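Just so we're clear, the structure is a prediction, and the values are computed from it rather than from any experiment. Computed over heavy atoms, backbone and side chain alike; hydrogens, waters and symmetry mates excluded. Numbering starts at 1 and runs along the sequence shown.
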Amino acid sequence: QWDDIGSVDPGALPSADVVVGGFPCTDISVAAVGGTRAGLQGARSGLWTRMAEVVRVQRPTWVVVENVARGVGRWLPAVRDDLERLGYATLPVPLEARVVGAPHIRPRIFVLAHADGFALRKLEQRVSGRREGGLSDEGQALPVVSRQGRGWSAQPRLAVVDDGIPAGMAGRVWSAIGNAVVPQCAEVVGWMIRELVDAGAVARREGGMK
């Protein structure tokens, strides 16, 4: 509904239980073409400050922040510090596209933040057992996915061969494709939140919430 977060009044936004955002990686990614390496002080990656202001005003129960794994030192510590100053417990969750069946890696970091750290403790134990850029399969009710990269029948063939991209066009095509987050990874994060919300409701009913 708004095409520029810089012009949005956070107080005029409708309330929400979850605020989700992935600010531009141009100034933080080591792989960004034309990137400035200016970090969160850069003109584009600095849009994080606007998202943080939305969180400060809206006070959602959950916050999800996504960005690149390459160059993580330029954004993750600062983002976590900002959220924790706002009263949120935070947990970085690494996810790779191959974990959800894609035939490529494409690593990303999702930061889950919650107004009460209790909800993140169990998930933190699970994430600490991650392997191959994904999550431990033990004790989780998340979708079971293939790590073999054979789950996407619609995945285009991008190899520079006779039925792929002509060699003379390859560079331009790759730059147009970009390196955006895979929506299926964001879906996994959504399932995590849903699972934690459901577990919290059960604990409250049983008097187990401390």
**Prompt:** Of all heavy-atom pairs between P60 and V19, which one has the smallest distance, and what is that distance?
**Reply:** CG-CG2, 3.6 Å
**Item:** Path from F110 to V18 over hydrophobic side-chain contacts below 4.5 Å
**Value:** yes
**Message:** I'd like to know whether M51 forms a side-chain contact (heavy atoms from CB on, under 4.5 Å) with V63, so could you lay out the CA-CA distance, the side-chain angles of the two residues, the decisive distance to 0.1 Å, and finally the verdict.
**Reply:** CA-CA 10 Å; M51 180 177 175; V63 181; 4.1 Å; yes
**Item:** Distance-minimising heavy-atom pair for R59 and L86
**Value:** NH1-O, 2.6 Å
**Asked** Which is it for V64 and I193 under the side-chain contact (heavy atoms from CB on, under 4.5 Å) test, yes or no, and what are the steps along the way?
**Response** CA-CA 10 Å; V64 180; I193 292 176; 3.7 Å; yes
**Item:** Q58 versus S15, side-chain donor and acceptor atoms under 3.5 Å
**Value:** no
**Request:** Determine, stepwise, if the pair W75 / F23 fulfils side-chain contact (heavy atoms from CB on, under 4.5 Å).
**Result:** CA-CA 10 Å; W75 69 272; F23 54 93; 4.0 Å; yes
**Message:** If only side-chain N and O atoms count, and only distance matters, is there a donor-acceptor pair under 3.5 Å linking W48 with N67?
**Reply:** no
**Prompt:** To the nearest 0.5 Å, what is the distance between CZ (R98) and CD1 (I105)?
**Reply:** 4.5 Å
**Message:** Check this for me, if you would: do R50 and E53 make a salt bridge, where the nitrogen-to-carboxylate-oxygen distance has to be below 4.0 angstrom?
**Reply:** no
**Asked** Can you find a heavy atom in the side chain of P92 that is under 4.5 Å from one in the side chain of R80?
**Response** yes
**Request:** For the pair V182 and V100, evaluate side-chain contact (heavy atoms from CB on, under 4.5 Å) and give the outcome as yes or no after the intermediate values.
**Result:** CA-CA 9 Å; V182 172; V100 293; 4.3 Å; yes
**Prompt:** Out of curiosity, E96 CD to R108 CZ, how far, rounded to the nearest 0.5 Å?
**Reply:** 10.5 Å
**Message:** Quick check against the 3.5 Å criterion: does S45 have a side-chain atom that pairs as donor or acceptor with the backbone of P24?
**Reply:** yes
**Asked** What do you reckon, is CG of D17 surrounded by more than 12 foreign heavy atoms closer than 6.0 Å?
**Response** no
**Prompt:** If you round to the nearest 0.5 Å, how far is CG of D82 from CD of E84?
**Reply:** 9.5 Å
**Complete:** Rounded to the nearest 0.5 Å, the CD atom of E66 sits from the CG atom of L112 at a distance of 12.0 Å
**Request:** Count the heavy atoms of every other residue, nucleotide or ligand shown that sit under 6.0 Å from CZ of R194, and state whether that count exceeds 12.
**Result:** no
**Message:** What's the separation between atom CG in L91 and atom CG in L196, rounded to the nearest 0.5 Å?
**Reply:** 9.5 Å
**Item:** L76 side, atom CG; I109 side, atom CD1 - distance, nearest 0.5 Å
**Value:** 7.0 Å
